[in-house]
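Presented below is the structure to which this report refers.
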2 protein chains.
Amino acid sequence: MAPKVSDEYKTKKKIELLQAAKRVFITKGYTRATMQDVMDEAGVSRGALYAYFDNLEHLYLELLQFEDQQDAQFFTPIAGETSWQQITKWLYKQQSEIEKIEQTLSQANSEFFLSLKDQQKQQSYPYITTRYEKMVDVLTAFFAHGTTIGEFKPQLPPEAIARYFISVIDGLMLDTAHLGPEKTKVSEQMEALLFSLRAMLRPTQ
Amino acid sequence: MAPKVSDEYKTKKKIELLQAAKRVFITKGYTRATMQDVMDEAGVSRGALYAYFDNLEHLYLELLQFEDQQDAQFFTPIAGETSWQQITKWLYKQQSEIEKIEQTLSQANSEFFLSLKDQQKQQSYPYITTRYEKMVDVLTAFFAHGTTIGEFKPQLPPEAIARYFISVIDGLMLDTAHLGPEKTKVSEQMEALLFSLRAMLRPTQ
DNA sequence: TTGAAAAACGACATTTGTGTCGTTTATAAT
DNA sequence: ATTATAAACGACACAAATGTCGTTTTTCAA
């Protein structure tokens, strides 16, 4: 049902497949999802799917990159908003994401990352490492900027705060993924994180 | 190679199998491990292993409980040591555990928990939920105790601090599991956690 | 209108793991 | 010793996925 077509067509098709895959991963997570599931969900044949993606791992990796690229630039300083306000806002966004974890890729993400234990694979997917480091960089730069404009008086190296920040979010996600948002008391923990950050950054109001 | 034997024998054998399983899970994680692997590692037949454990999930659950039961009682107040000192000590223990994550069940644990997404399964394994809640309780009680003896002046509800505490550790574990301890700068983050706790608990020296 | 290119199809061979079950074998009690 | 018991064995039938590949179908260009 489709021959010699434009690049545009192929891109479109690919995105379509990625979206079907996304739905699958959200409901089944990464480990329990199969290529078969994606075919079924997308209503496409075995051959078609494999023409676009070699295997589940590659498929997930592409989905990850595709999603990331939507998010991007969240921590570029915004005029008319203090850095502290920005953080708070971002945190609320994270919070609702975690609370709706059932409709999110978070669980699948964790599973995917864990599944790459192999050093071998780690090397073949520098993107994974890069992803983390980029996030560290973005946050570090953000904190540093807030400091230079005199908004923060950090009590710890900005980079340490950045990493710590990421850990808390990831941990909360992990725990919530298998216990549910009621059990982990997401909002309460966000408060605690906010409290910690205030202590670390000493925002000058 | 073994018939009609004492209960003691069976218990021994079971522990032996659990230990083999542990080795497997440490090197392969939960998702990639198979019953076959355990048989091979234990040098035992299919039939034998299945006589003790119905399937991988049950096997892991038993291993988990077995391991937990070794740990137990870590946060009972110790005479001659301040609560703060105890926390610090425990944190160092966690740190070295995370740094040696390759030789630990942490990764497998995360994988196992995530694999139980199903609400169905969640209910059939109340132990999983209990486990988390017990940890919360233990920490909460510990913080509360430190407060009543006037050692802490908590700025947040003890329970909130407890949950938060757990999240940070879990997050650090997760990240370290797939990036390695160098990338996540474990000790630096432990410092940050200590800093946070100090801000939250206000230990009176 | 036609035909070459290639997208999509789906049957198939393979692989890998599972859980069962009839058989063998070692133990402990008599 | 003998024997009933049940632990351990390992072949087997089954299931679920995977990746391949020859075939069919559709589109685009000439």
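Protein chains get the first letters and strands the later ones, always in sequence-line order, with residue 1 at the start of each. As a basis for the values below, the full set of heavy atoms in this structure was taken, side chains included, without hydrogen atoms, waters or symmetry mates.
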Rounded distance (Å) that lies between atom [atom2] of [N] and atom [atom1] of [X]:
X	N	atom1	atom2	result
Arg46(B)	dT23(C)	CZ	P	20 Å
Leu49(B)	dG10(D)	CG	P	14 Å
Met35(A)	dG10(C)	CE	P	17 Å
Asp40(A)	dC9(C)	CG	C1'	14 Å
His58(A)	dG19(D)	NE2	P	10 Å
Tyr50(A)	dT20(D)	OH	C1'	10 Å
Met39(B)	dT20(C)	CE	C1'	12 Å
Gln36(A)	dT16(C)	CD	C1'	17 Å

*How would you label the contact of Tyr52(B) with the nucleic acid (heavy atoms, under 4.0 Å): base, sugar-phosphate, or nothing?*
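Result for Tyr52(B) = sugar-phosphate.
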Which nucleotide wins on minimum distance to the side chain of [X], given the candidates [options]?
X	options	value
Ala48(B)	dA8(D), dT18(D), dA8(C)	dA8(D)
Lys13(A)	dT18(C), dT18(D), dA8(C)	dA8(C)
Thr34(A)	dC9(C), dA8(D), dA17(D)	dA17(D)

*Neighbour count >12 (heavy atoms, 6.0 Å) for atom CD, Glu182(A)*: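 Yes, because the 6.0 Å sphere around CD of Glu182(A) holds more than 12 heavy atoms from other groups.
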*Should we count OH of Tyr127(A) as having more than 12 external heavy atoms under 6.0 Å?*
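Yes, enclosed.
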*asked:* Is the shortest side-chain heavy-atom distance between Arg131(B) and Phe113(B) below 4.5 Å?
replied: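 The answer is yes, as the side chains (C-beta and beyond) meet within the 4.5 Å cut-off.
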_Heavy-atom side-chain contact between Thr31(B) and Tyr30(A) under 4.5 Å_ = no
_Does dC9(C) have OP1 or OP2 under 4.0 Å away from a side-chain N or O of Ser45(A)?_
yes
*Using only side-chain N and O atoms of Tyr9(B), determine if any of them is under 4.0 Å from OP1 or OP2 of dA28(C).*
no
*Below 6.0 angstrom between ring centroids: does that apply to Phe165(A) and Trp90(A)?*
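That pair passes the under 6.0 Å test.
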